[in-house]
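Data first, discussion second: the structure below is written as C-alpha cells.
One-based numbering along the sequence shown. Every number for a ligand or one of its atoms is a count from 1 in the order of the listing.
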Amino acid sequence: MNQPPTRSDSPQLHSTETQRNLRDSQDKLEVQIHDRTAELLAANARLAAEITERQQIEIELRKSDERYRVLVETLPDVIYEFDAVTGNITFLNLEFERVTGWSRSEWIGKPFMNLLHPDDLPRAQAAFLKNCRGKTPGRNEFRILCKPGHYATGEFTSIPQIHNGKVVGELGIARDITERKQMEEHLLRNQRLESIGSLAGGIAHDLNNILGPIIMSASMLGEDLPKQTSQELVVIIREAAQRGADIVNQVLTFARGAKGEHEILQPCLLIDQVKRFLQEALPKTVAFKVSLSEGLWNIAGNMTQLHQVLVNLCVNARDAMPEGGDLSLSAKNFVVCEQFAAKVPEAKAGRYVRINITDTGTGIPREILQKIFDPFFTTKAQGKGTGLGLSTVLGIVKSHGGFVTIDSKIRKGSKFSVYFPATAESQAPSVFRTQAPTPRGKGELILVVDDEISICKMAKTILTKTGYKILTAAHGKEALELLKQHGSAIKAVLTDLAMPVMDGVALTRALKATHPSLPIIASTGLAAELRYKELRCLNVQSFLSKPYSAQQLLAVVHHALSGTPKRAR
Ligand SMILES: Nc1ncnc2c1ncn2[C@@H]1O[C@H](COP(=O)(O)OP(=O)(O)O)[C@@H](O)[C@H]1O
Ligand SMILES: [Mg+2]
C-alpha cells in the first residue's frame, strides 16, 4: 500500500506544499490588504467628511463674518472701537465717514478723545473709567468733531471689551441725533415764543412806561434849564434807557435761547432773571413775590431752558387768576430721603434745589390732574392756550434729572414744585457788571470797527474824552487797511460781529494770523451770537454786549489793554 508522500519525501510533493503555503499567505495578505484598504478608505472617508465639515464651518464662518461686516458697514449708526491702554481708535465703520466727513484712515490710530468736544471730555472720561471697571455706562450724549469744523451730537452706548479679566478696549455705537436735537430746540423755541406772545402785552406796556420819561425828559432838555435840573433829567433818561435795554436783552435771550448745553448755575441768578422778566410782564392785579433761601446749592443746567420752565409755570399761575391774586416764587435746598423717593416717581434720594411756584387761583380739578402734562391738553379757550406749556416743563425738568410735584385745591390755588439735582461743582465765573471808577487812557490808539455810524461816533466821543486816541472803520476790510497803515501803533481793536463786506469773526480770524498778540474786544447786540469759546480760540479775550454804557466800554477797554480779559454786558 502506497504511503502518502511527505514533504521531504519527494521534491514534487515539497513544491506543492510550498505552493499551498504561498497561496495561504497570499490569501492572508490579500485579506490583510483588503482590510487595510477598507480601513484606509473608511479613514479617508472620515477625513473627507471632516474636511467637508470643516470647510462647511469655514464657509459658514466666512458667511457670518461677511454678514456682520455688511451689517456693520451699512448700519446707520457709527461703530467704533478703541484701545484701553493707548486710547487710540482701532476700528470705525463707514457711517463714521458719512456723519463726520472724515475718512476713516484719518482717525484710525489717533486718540478717540480728540474726536470729542472739549466740554464733553470730563463726562466722556468718566464714562470710559466706568467702562474700565467693567461696568457698562448707560447712554451718553457727546458732541463729535466733523471735518468742516462743526460738531454733530451723538448718543453713545459703549461696551467694555474684556480679555482675561482685563478691560482691553471699548466697543461702542454712536447714533447721530443732531437733527433730533435741532428739532427739540426748535420746538422749545416755538413754545418760548408762544409764552412771550402771551406776555407781549405786558412787555409792550412796560416799554411804553420806559419810553415815556425818556421822550419827556429829552424834549425838556432842549429848553434852557438850570444845570442841576438838566443833570437830573439825564439821569432819568439813562436809567430808563438801561431798563429798556435790559428788557430787550431778556426777551432776546429768552426768544433765541442758547443751545441745549448745560453749565453750572446759581439758582438765585436764574430766579433773579425770571423775576426781572416777569415783573414787567405780569398784570398789575397779580402780586408777584420772590423769596430765596440763603446758600442755595448750585445746579447743572441750561439757563434758557430753566428760565422757560419757570416762565411757563408763572404764566399758567397768572392764567389761573383772571381776577388777580398772589403769585410767589421761592427756592430752597431740599434733601430727598428714601421714603420720599419711594413715593414720588422719578425722584431719587439725594440733594435737590426745590423751586415752588404758588398761586391763589382756580386750582386744578382732580379729574384733570393726570392729564395736564399731556401735550396739547388745555382747558383754555381757543387762541388762549396750546397745551404745550406743562409738557415742555416736564420734558426740560426730566432732561435735567429732576421731577415735578403738584399740590392743588379747588378755588384755593396750586403749588407746582420743581426739583433740580444739586451739583457739587462750583460755578463758572459769572458775567461781570462793572461798578468800578472809570479808568482813564494814556493816549493808546484804539481801532473801533462797527457798521453803525452812531455807535462808532459814541465810542469815539467816550474814549477820546477819557484819554484814548481813536480810529474807526465800518467793516473788517477797512479795519485791516487801517492796521496796515498804523501797524503796531494800534493797541486794541473793538469790533462788532455782524457787519457787511467782512464781519467781525472774519476780521478776528485775519488778525489772529497777522497780529496774534493784539487785544480784541468782540461786541454784539445779540448775546446768542457771542460764541465765547470759538471767539476765544481766535484771540478774542473780551466781550461787550450792546447796548453798553460808557462805564462798561471803558472798563472793558482798560481790561483788554492791561491783559485781564473780561466779559461785560
Ligand atoms: N397754576 C394752575 N392753576 C390751574 N390750572 C392749571 C395751572 N397750571 C396748569 N393748569 C391746567 O393745565 C392745563 C395745561 O397747561 P399747559 O400745558 O401750560 O397749557 P396751556 O397753558 O396752554 O393750557 C391748563 O389748560 C390748565 O387747565
Ligand atoms: Mg401754559
For Phe420 and Phe403, I'd like to know if the aromatic rings sit close, meaning centre-to-centre distance below 6.0 Å. no
Look only at the side chain of Arg123 and the backbone of Glu141, and say whether a donor-acceptor pair between them is shorter than 3.5 Å. yes
Looking at Lys409, I'd like to know if its NZ atom is crowded, meaning that more than 12 non-hydrogen atoms belonging to other residues, nucleotides or ligands lie closer than 6.0 Å. no
How long is the straight-line distance from CG of Leu369 back to CD1 of Ile406, given to the nearest 0.5 Å? 5.0 Å
Return the OG1 to CD distance between Thr157 and Glu155, rounded to the nearest 0.5 Å. 6.0 Å
Classify the ring geometry between Tyr80 and Phe112 as parallel (under 30°), tilted (30 to 60°) or perpendicular (over 60°). parallel
Are any protein N/O atoms closer than 3.5 Å to the N/O atoms of ligand 1? If there are, list each pair with names and the distance to one decimal place.
residue  : atom   : partner : partner atom : Å
ligand 1 : 1 (N)  : Asp359  : OD2          : 2.8
ligand 1 : 17 (O) : Gly389  : N            : 3.4
ligand 1 : 17 (O) : Leu390  : N            : 2.8
ligand 1 : 18 (O) : Asn316  : OD1          : 3.0
ligand 1 : 18 (O) : Asn316  : ND2          : 2.8
ligand 1 : 18 (O) : Leu390  : N            : 3.3
ligand 1 : 19 (O) : Gly387  : N            : 3.4
ligand 1 : 21 (O) : Asn316  : OD1          : 2.9
ligand 1 : 21 (O) : Lys380  : NZ           : 2.6
ligand 1 : 22 (O) : Thr386  : N            : 2.8
ligand 1 : 22 (O) : Gly387  : N            : 2.8
ligand 1 : 23 (O) : Thr378  : OG1          : 2.6
ligand 1 : 25 (O) : Thr378  : OG1          : 3.4
ligand 1 : 25 (O) : Thr379  : N            : 2.9
ligand 1 : 25 (O) : Thr379  : OG1          : 3.2
ligand 1 : 27 (O) : Thr379  : OG1          : 2.4

Within residues 365-381 or reaching into it, pairs that qualify as side-chain hydrogen bond (donor to acceptor under 3.5 Å, both in side chains) - sequence neighbours excluded: Asn316-Lys380, Asp319-Lys380
Below 3.5 Å, can you tabulate the donor-acceptor pairs from side chains in residues 287-295 to any protein atom, sequence neighbours excluded?
residue : atom : partner : partner atom : Å
Ser293  : OG   : Ala331  : O            : 3.2

Donor on one side chain, acceptor on other, Thr358 and Asn356, under 3.5 Å: no
Cut-off under 2.8 Å, centre the Mg ion (ligand 2), protein N/O/S atoms: Asn316 OD1
